[in-house]
Amino acid sequence: GLPPQGPGDLAGLRVLVTAGATIERIDPVRYITNHSTGRMGFALAQAARDRGAHVTLVAADTASPPPAVDHVERVESAEQMFQAVARQAQETDVIIMAAAVADYRPRHIADQKIKKGDGPAVLELERTRDILAWLGEHRRPGQTLCGFSMETTDLVENSRRKLERKGLDLIVANDLSTPGAGFGGDTNIVTIITPEAQTQLPLASKRDVADQVLSAIVQARSGH
Ligand code: CTP
Ligand code: CA
């Protein structure tokens with residue numbers, strides 16, 4: 001059956017949650033970002049707090065203000081998020097990467113606004129660091145790592161590959177082609193994937209999804 005859920009089952013645990021969309025600057029007035037609103041990460045941070053955890057939230061760009069958890073740190077770029085997460089990783093029992101992190105950033109940030117007369121514009125991009133993969137390589141003993149995965153095709157296969165490649169305990173897979181799932185909105189439909197199993201949850205509020213994810217984390221930790 002399900003492990004106990006609710007007040008107290010995360011007491012004593014230090015949980016770090018990332019949320020929102022990173023911003024990669026092009027010039028002083030332009031940037032690259034994505035559709036993440038931060039709501040899923042905020043729901044996770046709030047739910048973990050309600051269940052007794054000490055919660056740190058590392059938030060990039062979000063559509064609403066963050067919930068009142070123990071510590072909130074604002075970042076902009078993927079590199080800033082990496083620095084904030086890496087600095088705190090050793091003191092953290094559970095890390096949940098709900099943020100939508102840029103895979104690429106402009107190779108150069110222009111000091112001055114780029115003028116249209118300078119065109120035709122070609123934006124040269126370079127890869128950002130994969131924060132979760134780094135965490136998987138520098139994992140502290142007993143630490144639990146949870147990723148999120150956004151896919152439009154082959155949800156479970158592609159997500160399971162990410163779980164293995166990054167060395168995660170669980171990954172929460174989001175099918176963007178399903179109505180009611182993904183960006184914005186109050187609801188989500190996710191599949192929780194562990195090395196041993198996969199569980200598709202019914203359409204639920206982001207808060208209920210957050211509680212199910214936290215229960216899966218508790219279960220994964222009891223198997224350590
Ligand atoms: N992630 C990360 N660092 C990055 C990119 C992604 O830590 N530079 C994390 C995300 O926060 C998420 C997980 O990796 O928890 C999976 O992100 P996703 O974009 O679905 O997968 P990628 O590994 O980036 O692969 P792709 O975008 O090509 O599908
Ligand atoms: Ca990506």
Side-chain angles (χ1 to χ4, degrees), residues 15-25 31-45 48 56-62 66 73-89 92 94-107 125-140 143-178 181-183 188-195 198 206 209-210 212-214 216-217 220:
V15 175
L16 188 156
V17 179
T18 68
T22 60
I23 283 179
E24 305 299 334
R25 292 181 186 229
Y31 56 84
I32 300 171
T33 189
N34 61 68
H35 284 302
S36 175
T37 62
R39 288 169 89 159
M40 193 61 237
F42 286 178
L44 281 156
T56 295
L57 182 58
V58 176
D61 193 37
T62 59
E73 191 168 337
R74 280 279 174 187
V75 298
E76 185 175 281
S77 64
E79 182 59 24
Q80 285 173 9
M81 180 169 281
F82 170 75
Q83 297 295 339
V85 171
R87 176 162 39 76
Q88 299 176 79
T92 305
V94 176
I95 301 180
I96 306 173
M97 285 289 303
V101 185
D103 295 322
Y104 288 91
R105 66 173 161 241
R107 189 180 293 282
L125 302 179
E126 64 184 13
R127 286 282 288 272
T128 58
R129 206 173 339 214
D130 190 317
I131 302 168
L132 259 182
W134 186 92
L135 290 168
E137 286 162 15
H138 297 82
R139 185 200 288 262
R140 143 191 161 170
Q143 188 174 61
T144 305
L145 297 178
C146 175
F148 272 71
S149 173
M150 289 267 183
E151 300 287 350
T152 52
T153 58
D154 304 309
L155 177 73
V156 172
E157 298 77 357
N158 287 341
S159 301
R160 194 169 277 292
R161 221 171 288 136
K162 289 177 197 172
L163 176 90
E164 286 162 10
R165 183 162 49 78
K166 303 185 196 222
L168 310 179
D169 299 287
L170 56 169
I171 195 158
V172 182
N174 247 298
D175 187 344
L176 290 184
S177 59
T178 312
F183 294 119
N188 216 347
I189 303 175
V190 303
T191 302
I192 299 177
I193 302 173
T194 66
Q198 64 210 39
K206 286 186 175 172
V209 171
Q212 298 285 337
V213 169
L214 292 173
I217 288 171

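Computed from heavy atoms alone, side chains included, the values below leave out hydrogens, waters and symmetry copies. One-based numbering, in listed order, for ligands and for the atoms of each.
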(request) Check whether any side-chain N or O of Asp130 sits under 3.5 Å from a backbone N or O of Ala133 as a donor-acceptor pair, and report yes or no. (result) yes
(message) Measuring from atom CD of Glu24 to atom CD of Glu126, what distance do you get when rounded to the nearest 0.5 angstrom?
(response) 9.5 Å
(message) Going by a strict under-4.0 Å cutoff (protein heavy atoms only), does atom 24 (O) of ligand 1 have a neighbour on the protein?
(response) yes
(message) Within the 4.0 Å heavy-atom shell around Gly147, which atoms of ligand 1 are there?
(response) 15 (O)
(message) Would you compute the distance between atom CG of Asp175 and atom OG1 of Thr152 and round it to the nearest 0.5 angstrom?
(response) 8.0 Å
(request) May I ask which of Thr152, Val172, Val101, Thr22 has a heavy atom nearer to atom 6 (C) of ligand 1 than the others do? (result) Val101
(request) Compute the shortest N/O to N/O distance between Phe148 and ligand 1 and return yes if it is under 3.5 Å, no if not. (result) yes
(request) Would you give the length of the straight line joining atom CZ of Arg161 to atom CD1 of Ile193, rounded to the nearest 0.5 angstrom? (result) 11.0 Å
(message) Can you name the atoms of ligand 1, numbered from 1 with element, that are less than 4.0 Å from a heavy atom of Arg165?
(response) 23 (O)
(message) Side chain or backbone, does Leu132 bring an N or O within less than 3.5 Å of an N or O on ligand 1?
(response) yes
(request) Establish, for the pair Arg25 and Tyr31, whether the NZ or CZ atom is under 6.0 angstrom from the six-membered ring centre and no further than 45 degrees off its axis. (result) no
(request) Report the part of Ile131 in contact with ligand 1, treating N, CA, C, O as backbone and CB onward as side chain, heavy atoms under 4.0 Å; options are side chain, backbone, both, neither. (result) both
(request) Just jot down the ligand 1 atoms closer than 4.0 angstrom to any heavy atom of Ala102, in number order. (result) 8 (N)
(request) Give, for atom CD of Gln212 and atom CG of Asn188, the distance between the pair rounded to the nearest 0.5 Å. (result) 12.5 Å
(request) Output the list of atoms in ligand 1 that are nearer than 4.0 Å to some heavy atom of Thr128, sorted by atom number. (result) 8 (N)
(request) Of the side chain and backbone of Lys162, name the one, both, or neither that has a heavy atom under 4.0 Å from an atom of ligand 1. (result) side chain
(request) Have a look at ligand 1 and work out which part of Ala100, if any, has a heavy atom under 4.0 Å from it: side chain, backbone, both or neither. (result) neither
(request) For ligand 1, note which part of Asp103 has a heavy atom under 4.0 Å away: side chain, backbone, both or neither. (result) side chain
(message) As a test of understanding, state which of Ile192, Val94, Asp169 forms a side-chain contact (heavy atoms from CB on, under 4.5 Å) with Ile217.
(response) Val94
(request) For the pair Lys162 and Glu151, evaluate salt bridge (Lys or Arg N to Asp or Glu O under 4.0 Å) and give the outcome as yes or no after the intermediate values. (result) CA-CA 11 Å; Lys162 289 177 197 172; Glu151 300 287 350; 2.6 Å; yes
(request) Enter the distance from Thr22:OG1 to Glu79:CD here, rounded to the nearest 0.5 Å. (result) 11.5 Å
(message) If we count only non-hydrogen protein atoms and require a distance under 4.0 Å, does atom 14 (O) of ligand 1 qualify as touching the protein?
(response) yes
(message) With nothing but distance in play, are any N or O atoms of Ala99 less than 3.5 Å from an N or O of ligand 1?
(response) yes
(message) On a heavy-atom basis, I'd like to know which of Met97, Arg129, Glu151, Lys166 is closest to atom 8 (N) of ligand 1.
(response) Arg129
(message) Testing Leu125, Thr128, Ile32 one by one against Tyr104 for a side-chain contact (heavy atoms from CB on, under 4.5 Å), which residue passes?
(response) Leu125
